[in-house]
**Student:** 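Quick one: the structure is below, and I'll ask about it shortly.
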Amino acid sequence: MTKNVMVTGGNRGIGLEIVRAFAKEGYKVLMACRDEESGEEAKQDIVGGDVHVIEMPLDKEATIVDPFVRAEAVFGPMDVVINNAGVLDKTSWEDVSGEDMRRSLQVNTLAPLTLIQQALTGMIDRGYGRIVNVSSGWGCFSEDMKGPLAYAVSKAALNALTLNIANHIPDNTDVTINAMSPGWVHTRMGGSDAPKTPEEGAETALWLGTHEKGGPNGKFFRDKDVVDW
Ligand SMILES: NC(=O)c1ccc[n+]([C@@H]2O[C@H](COP(=O)([O-])OP(=O)(O)OC[C@H]3O[C@@H](n4cnc5c(N)ncnc54)[C@H](OP(=O)(O)O)[C@@H]3O)[C@@H](O)[C@H]2O)c1
């Protein structure tokens, strides 16, 4: 049976390539975008595939929960959720404000949590699910937390919640949650000097979202390898 996948930030960058990759694999793809127009525009770039745009601004809980519930009512339960959308706030630690911190934490940490809360119980009840949190090496203690403060802290929190929630998934079910870094990728966020293409940045997300039963849970990946975070 066709599986459903929801990809946040699906309208550009790595997210658009994740959408394209799942569509190619035959999934029904719910492309969650800040606004419908940018999603519909991006969708024109995808040839074939069963792709549907869902307007989902990640700035507050209600604008995440309502569209998620509507999407499941129309398309059926989500089998895979890829929390890809992210913001990179480069404000220095001296100047970063509470509001800057809240914005980064909302999009990079709390929005993924809200979607996980929406999707995970159903996945466990049905016995199948894959959740992938697109994080960053800049949020890794093992890499000295080198990113700008708001970004690094919000991605470190995303890594931490991935492990914490993984520990709460019963062993006897085929449901997993993992985090990953796409590497340094040529997108609006990564900039034009980045060595990886968005297609390459999408590969590990596709792999983690489609792995067979008995695959990893609560781990952090780069280029399909487990790495310390
Ligand atoms: N590029 C890299 O080198 C790199 C490295 C490590 C990790 N990552 C991670 O990879 C993921 C994708 O990055 P990318 O390089 O593809 O970034 P990008 O090109 O800047 O795209 C970011 C995506 O997130 C969406 N987004 C941001 N804020 C949102 C909000 N409030 N509501 C809804 N959508 C929102 C954007 O939507 P709009 O188009 O509406 O703004 C866009 O679709 C991010 O989580 C990023 O942290 C990237």
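Numbering of ligands and ligand atoms starts at 1, following listing order.
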**Student:** So which heavy atom in the protein is nearest atom 3 (O) of ligand 1, and how far is it from that ligand atom?
**Tutor:** Val185 N, 2.7 Å
**Student:** With a 4.0 Å cut-off on N to O distance, would you call Glu143 and Arg222 a salt bridge?
**Tutor:**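 So Glu143 pairs with Arg222 through a salt bridge.
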**Student:** Write out the residue and atom name of the closest protein heavy atom to atom 47 (O) of ligand 1, then the distance separating them to 0.1 Å.
**Tutor:** Tyr151 OH, 2.6 Å
**Student:** Should you measure from each heavy atom of Gly13, which atoms of ligand 1 turn up under 4.0 Å away?
**Tutor:** 16 (O), 19 (O)
**Student:** Is it true that, when you exclude Glu212 itself, more than 12 heavy atoms of the residues, nucleotides or ligands shown sit nearer than 6.0 Å to its CD?
**Tutor:**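 Count not over threshold, so no.
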**Student:** Does ligand 1 have a heavy atom under 4.0 Å from the side chain of Val134, from its backbone, from both, or from neither?
**Tutor:**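 For Val134, the contact with ligand 1 is made by both the backbone and the side chain.
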**Student:** Please could you name the atoms of ligand 1 that Ser136 approaches to less than 4.0 Å, counting only its heavy atoms?
**Tutor:** 6 (C), 7 (C)
**Student:** For Trp229 and Phe141, take the angle between the two ring planes, folded into 0 to 90°, and tell me which bin it lands in: parallel under 30, tilted 30 to 60, perpendicular over 60.
**Tutor:** tilted
**Student:** If we only consider heavy atoms of Trp138, is any one of them less than 4.0 Å away from an atom in ligand 1?
**Tutor:** no
**Student:** Nearest protein heavy atom to atom 13 (O) of ligand 1, by residue and atom, and its distance?
**Tutor:**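 Protein heavy atom with the smallest distance to atom 13 (O) of ligand 1: Ile14 CD1, 3.9 Å.
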**Student:** Looking only at protein heavy atoms, identify the closest one to atom 23 (C) of ligand 1 and say how far it is in Å.
**Tutor:** Gly9 CA, 4.1 Å
**Student:** Are there more than 12 heavy atoms of other residues, nucleotides or ligands under 6.0 Å from atom NZ of Lys60?
**Tutor:** no
**Student:** Please identify which atoms of ligand 1 are closer than 4.0 Å to at least one heavy atom of Val87.
**Tutor:** 27 (C), 28 (N)
**Student:** Would you say Pro182 touches ligand 1, if touching means a heavy atom closer than 4.0 Å?
**Tutor:**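 Contact present.
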**Student:** If hydrogens are left out, which of Gly147, Ala85, Gly86, Ala42 has an atom nearest to atom 22 (C) of ligand 1, that is, the closest non-hydrogen atom?
**Tutor:** Gly86
**Student:** If you measure from the Lys or Arg side-chain nitrogens to the Asp or Glu carboxylate oxygens, is any gap between Asp59 and Arg103 under 4.0 Å?
**Tutor:**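 No.
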**Student:** Quick one about Thr91 and Asp89 (side-chain donor to acceptor, distance below 3.5 Å, no hydrogens or angles considered), yes or no?
**Tutor:**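 Indeed, the side chains of Asp89 and Thr91 share at least one donor-acceptor pair under 3.5 Å.
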**Student:** Take every heavy atom of Lys155, measure it against each atom of ligand 1, and state whether any distance is under 4.0 Å.
**Tutor:**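 Yes, Lys155 has heavy atoms under 4.0 Å from ligand 1.
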**Student:** Enumerate the atoms of ligand 1 whose separation from the nearest heavy atom of Trp184 is less than 4.0 angstrom.
**Tutor:**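 It comes down to these atoms of ligand 1: 3 (O).
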**Student:** Tell me, which protein residue and heavy-atom name are nearest atom 18 (P) of ligand 1, and how many Å apart are they?
**Tutor:** Arg12 NH1, 3.3 Å
**Student:** Quick one: look up the protein heavy atom nearest atom 31 (N) of ligand 1 and list residue, atom name and how far away it is.
**Tutor:**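 Answer, as residue, atom name and distance: Asp59 OD1, 2.8 Å.
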**Student:** Is a donor from one side chain sitting under 3.5 angstrom from an acceptor on the other, for Ser142 and Asp228?
**Tutor:**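 The answer is no; no qualifying pair exists.
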**Student:** Relative to ligand 1, is Ser135 under 4.0 angstrom through side chain, backbone, both or neither, heavy atoms considered?
**Tutor:**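 Near ligand 1, Ser135 shows its backbone, while the atoms from C-beta on stay back.
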**Student:** So do Leu113 and Thr109 actually touch side chain to side chain, heavy atoms under 4.5 Å?
**Tutor:** no
**Student:** Might you point out which heavy atoms bring Val107 and Pro112 nearest each other, and give the distance in Å?
**Tutor:** O-CD, 3.3 Å
**Student:** Examine the side chains of Ser97 and Asp100 and answer whether a donor and an acceptor come within less than 3.5 Å of each other.
**Tutor:**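 Yes, because at least one side-chain N or O of Ser97 sits under 3.5 Å from a partner of the opposite role on Asp100.
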**Student:** For atom 14 (P) of ligand 1, which of the options Thr187, Leu16, Asn84 provides the nearest non-hydrogen atom?
**Tutor:**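 Closest candidate by heavy-atom distance is Thr187.
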**Student:** When you measure from atom 28 (N) of ligand 1 to every protein heavy atom, which one gives the shortest distance, and what is it?
**Tutor:**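 Residue, atom and distance for the closest contact: Arg34 NH2, 3.3 Å.
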**Student:** Let me know which of Gln118, Met6, Met78 forms a side-chain contact (heavy atoms from CB on, under 4.5 Å) with Glu72.
**Tutor:** Met78
**Student:** For Trp138 and Tyr151, take the angle between the two ring planes, folded into 0 to 90°, and tell me which bin it lands in: parallel under 30, tilted 30 to 60, perpendicular over 60.
**Tutor:** perpendicular
**Student:** Using heavy-atom distances only, which candidate in Gly201, Gly190, Gly183 approaches atom 4 (C) of ligand 1 most closely?
**Tutor:**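 Looking at heavy atoms only, Gly183 sits closest to atom 4 (C) of ligand 1.
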**Student:** If the test is side-chain contact (heavy atoms from CB on, under 4.5 Å), which one of Asn108, Val7, Asn84 qualifies with Val134?
**Tutor:**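 Option passing the side-chain contact (heavy atoms from CB on, under 4.5 Å) with Val134: Asn84.
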**Student:** Assess Cys33 for proximity to ligand 1: is some non-hydrogen atom of it under 4.0 Å away?
**Tutor:**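 Flag not set, Cys33 not near ligand 1.
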**Student:** In the protein, what heavy atom is nearest to atom 17 (O) of ligand 1, and what distance, to one decimal place, separates them?
**Tutor:** Met189 CB, 3.5 Å
**Student:** Select the closest option to atom 33 (C) of ligand 1 among Leu88, Leu58, Val107, judged by heavy-atom distance.
**Tutor:** Leu58
